[in-house]
Amino acid sequence: MSQLLANLNPEQTQAVTLPPQHALILAGAGSGKTRVLTTRIAWLVQSGQVDAHSILAVTFTNKAAKEMLARLGTMLPISPRGLWVGTFHGLCNRLLRAHHRDAGLPQLFQILDSADQLAAIKRLLKTLNVDDEKFPPRELQHFINGQKEAGVRPHAVEAWDDYTRQRVQLYQEYEAQCQRESVVDFAELLLRTYELLERNEPIRRHYQRRFRHILVDEFQDTNVLQYRWLKLLADNGKEGGAALFCVGDDDQSIYRFRGAEVGNMRDFEREFRVQNVIRLEQNYRSRSNILDAANAIIRHNSDRLGKNLWTDQGAGEPIRVFEAFSDGDEARWIVEEVQSLVRDGHSRAEIALLYRSNAQSRVLEHRLFTAGIPYRVYGGLRFFERQEIKHALAYLRLIANPDDDTAFARVVNFPTRGIGARSIEVLQDASRTWNGSLYASVPHLSGKAGTSLGHFVRLIEDLRRETEPLALPELVDHVLDRSGLRDHYKADKEGAERLENLDELLNAAANFLAEQGSVPGEASGQPSHALLADFLAHASLEAGDHQADQGADAVQLMTVHSSKGLEFDIVFLSGLEEGLFPHENSALERDGLEEERRLMYVAVTRARERLYVSFAQSRMLHGQTRYNLRSRFLEEIPVELTKWLSPPNQRTALGGATGGGGAYFTPSAKPAASRESRPSSSLPGGLRIGQVVKHAKFGQGVIVAAEGGGSDARVQVNFGAAGMKWLLLAVAKLEAA
DNA sequence: TGAGAAGAGTTTTTT
DNA sequence: ACTCTTCTCA
């Protein structure tokens, strides 16, 4: 017991040992949040207060759930297997499988990932003959998910205009299609579970009594429905309900665009009359120069719950600032710096290159590649999202559930077996007429389409029969052969990597079997097709790692968003420019700038020892050279914490969008790197593209483009926060700044 | 059926 | 500029 609490600071200890009451832990970056969460669980169990099975711990990502289980494994004498630790979606999946009948689902329901969902929506629009120009599938997907995440079913949507009414109609049709096909999307997992608990009193009471403690990680990222879900399980905070222990950081709330509702923190505090609000402000990660910069930046936000990070580990090095001529120039400098760091003995894996948007990785990758430096880019396709894996999974899904039309449509003609678009249309008509799935409608067809489709149905039936006695990995192996997928990729001269991935799928199946098999009483002895359904759910819920070779010592490249939760000795933060970071689109959103600033806060607090920030005077974006002002966030870092690395003659005198910013040098030499892209002839008044100018009303800006001549001469100026403007030179009074 | 043209979209992302 | 999707035609 005392061992558990050793090395915790007073606030951490207080949080871990709170009585069974609701609590809100405001855990700053690097303050030991995961440690507090896991130690709290271990302490509750070890002090004999509750049974391990009475604890529910919820995370957002599988990674976080796994990490928590792993840590608990080392802290508790019991196996953490039986604990209810998982993601919102994983736990909902578990509940829905257990109570599938009460939830109105078949036991072997399938889970649609986002791509599957989009395909299902496209198919729906086609079936209903809806113009997908008027109802773009992506937009409709967003609408449907938005409603579900707010807990709103079609009948409850408030639709005041025709367009919305039509979308609601499609939402309803989509639900019907999912139900017909026995598939459930991500948002549905949560909503269906919520409704199950809400409507079924015995089940609700059962879980309300069972869970005495509910712990939530990254609480600032919960959406409306997830909070309602928690409230329901905790019996709305009533006497006798579970104690809700929520850990989060409002300053690191960066997912509003996908529905996260940081207001849940305030609501929780109010609605549950939370008496225990504990701030974890001591940071164990970064030097104080870095923390001071982060604190200074985030102070510009209003509406915070309030926190100030500190450390006793010393000031460390200044924050290094570099101004480049162009994006290419910036990348070249970063790579040179990385090379010299590696020469000095720093490990590449401890160096991270962060950027606001994925498009920025290109230049960096190019330079790294040329320099022969190993690197790893986060993001992009994950294992279970790859084309060949999706194809294989579609066959498996048809075995588990032939009514899965999404899977059917995906592989009915892959590998090609002479089933063209015409046959599919005929089949879709039949499925409407007979009100059945595509698979079930095949016997109603005659003629050529009926013959070829009949062959396909027979293939699936054969597969189901042949795989019945097989163990999971052998089952997958058999399907890969019999479906023709293996042969197809063998014949493809670029299919070698895809073949490897298919083999990797076999490994995944074997691993899954091994893991499930070791849980006593759960999967062992299950018929192979039931285990197959579990494996498919696993594939949807946990799409796998983004990239392999994690062991390699490689420089880490990722967006600021994906860097959340990670830390590195050395961090390069590039592209600190108005329009890029903060992103221009954020100006259109309510409180968009504050979210961008939180993103900046997340970026800065990733660094342990050294932080580099850089920006470029010009940057290639969407095929055009843009001239950006440097980011206001740079201005928000106190100058005394910084050290400028670019030579004075390379710098512009911009005061950023917010003006101010003192000790900078005047511009002189014009950038060499971006010279090609600008016209050599100068504009009237000695102005040039890329020139910094001042306007009486809009303030400082950069000339981005020019048009016309003489009295018609116009220039486009990027004023940063004030926007992009076309100005007639004869009218606007522009001064060189 | 597959290759090549044409067109659209291009902030951030987990489940 | 580049990528991904859809269309068109042999």
Side-chain angles (χ1 to χ4, degrees), chain A residues 58-65 86-93 111-119 122 126 132-133 136-139 142 145 148-149 184-191 193 217-218 221-223 225-226 253-260 327-328 354-363 366 378-382 384-385 387 413-422 492 537-546 558-565 575 579-589 592 595-596 598-600 602-603 619-626 677:
Chain A
V58 199
T59 65
F60 272 86
T61 64
N62 293 299
K63 200 175 149 202
T87 62
F88 278 102
H89 295 85
L91 294 164
C92 286
N93 179 46
I111 298 168
L112 299 184
D113 68 17
S114 310
D116 298 331
Q117 184 188 32
L118 186 62
K122 284 181 179 166
K126 202 151 201 182
D132 60 3
E133 304 239 310
R138 289 191 165 282
E139 204 259 345
H142 186 251
N145 288 339
K148 288 193 185 187
E149 279 161 15
V184 163
D185 61 48
F186 286 140
E188 185 72 23
L189 279 173
L190 274 148
L191 184 51
T193 309
D217 190 17
E218 307 277 15
D221 287 338
T222 50
N223 64 31
L225 182 57
Q226 285 160 338
S253 161
I254 55 173
Y255 284 115
R256 203 178 50 185
F257 70 91
R258 68 172 197 217
D327 48 351
L354 307 185
Y355 34 80
R356 173 70 235 273
S357 63
N358 285 306
Q360 289 167 254
S361 76
R362 174 179 296 277
V363 245
H366 175 70
Y378 282 70
L381 272 196
R382 307 197 305 175
F384 285 110
E385 291 166 0
Q387 182 207 99
N413 196 32
F414 192 97
T416 49
R417 39 177 79 89
I419 298 172
R422 222 168 10 91
D492 185 348
H538 164 83
S540 299
L541 289 171
E542 191 171 347
D545 250 321
H546 278 296
M558 67 192 82
T559 63
V560 179
H561 279 93
S562 10
S563 77
K564 194 177 147 209
L580 205 65
F581 198 1
H583 196 276
E584 53 198 350
N585 293 0
S586 71
L588 310 169
E589 291 152 27
E595 176 127 329
E596 293 288 306
R598 291 193 289 270
L599 200 49
M600 177 72 184
V602 167
R619 180 175 299 275
M620 210 46 152
L621 201 65
H622 308 327
Q624 280 189 313
T625 307
R626 305 219 325 191
S677 57

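Quick note on labels: first sequence line is chain A, next is B, and so on, each numbered from 1.
- Evaluated for a side chain to side chain contact (heavy atoms under 4.5 Å, CB included) with Q360(A), the options T559(A), L580(A), L621(A), D327(A) yield exactly one hit, L580(A).
- In this structure, CG of L118(A) is placed 17 Å from P of dT14(B), rounded to the nearest angstrom.
- Nucleotide dT15(B) holds its P atom 13 Å from the CG atom of L189(A), rounded to whole Å.
- Straight-line distance from the CG atom of N223(A) to the C1' atom of dT13(B): 14 Å, rounded to whole Å.
- S114(A) contributes a side-chain N or O that forms a donor-acceptor pair with the base of dT15(B) under 3.5 Å.
- F88(A) comes within contact range of no nucleotide atom at all, as no heavy-atom separation falls under 4.0 Å.
- Atom pair Q117(A):CD and dT14(B):C1' shows a separation of 13 Å (rounding to whole Å applied).
- In this structure, CG of L354(A) is placed 14 Å from P of dT12(B), rounded to the nearest angstrom.
- Applying the salt bridge (charged side-chain N to carboxylate O under 4.0 Å, His left out) rule to R626(A) yields the partners E584(A); only residues at least two apart in sequence or on another chain are considered.
- If you find the closest nucleotide of DNA chain B to F257(A) and to T416(A), the one lying nearer the 5' end belongs to T416(A).
- Atom-to-atom, CG of L599(A) to P of dT12(B) comes out at 11 Å; the value is rounded to the nearest Å.
- Among the protein residues, K122(A) comes within range of the sugar-phosphate backbone only, with heavy atoms under 4.0 Å from sugar or phosphate atoms but none that close to a base.
- Applying the 6.0 Å contact sphere to CD of Q387(A) captures more than 12 heavy atoms from other residues, nucleotides or ligands.
- Nucleotides of DNA chain C lying under 4.0 Å from heavy atoms of chain A occupy a range whose first and last members, 5' to 3', are dA1(C) to dT6(C).
- Expressed to the nearest 0.5 Å, how far CZ of F414(A) lies from CD1 of I419(A) amounts to 13.5 Å.
- Here dT14(B) presents its C1' atom at 14 Å from CG of D217(A), a figure rounded to the nearest Å.
- With both ends at atom P, the span from dT13(B) to dC4(C) equals 15 Å, rounded to whole Å.
- Separating the OG atom in S540(A) from the CG atom in D116(A) is a distance of 6.5 Å, to the nearest 0.5 Å.
- Counting only heavy atoms from C-beta outward, the side chains of F257(A) and H561(A) approach each other to under 4.5 Å.
- Of the inter-residue distances, the one linking L354(A) atom CG with F581(A) atom CZ reads 9.0 Å to the nearest 0.5 angstrom.
- How far OG1 of T61(A) is from NE2 of H89(A): 12.0 Å, rounded to the nearest 0.5 Å.
- Taking atom C1' on both dT12(B) and dT5(C), the two are 22 Å apart, rounded to the nearest angstrom.
- S586(A) and E589(A) share no side-chain donor-acceptor pair at under 3.5 Å.
- Between the side chain of E596(A) and the backbone N or O of H583(A), at least one donor-acceptor pair lies under 3.5 Å.
- Place I254(A) and E542(A) on DNA chain B by their nearest nucleotides, and I254(A) ends up nearer the 5' end.
- A straight line from NE2 of H538(A) to C1' of dT15(B) spans 13 Å, rounded to a whole angstrom.
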Look for any protein N or O under 3.5 Å of an N or O in nucleotides 5-11 of chain B and output each such pair with its distance, or none.
residue, atom, partner, partner atom, Å
dT11(B), O4', H583(A), NE2, 3.2
dT11(B), O2, R356(A), NH1, 2.6
dT11(B), O2, R356(A), NH2, 2.3
dT11(B), O4, E589(A), OE2, 2.5

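- N62(A) comes within 4.0 angstrom of the backbone, heavy atoms only, and of no base.
- Counting non-hydrogen atoms under 4.0 angstrom, D132(A) reaches nothing in the nucleic acid.
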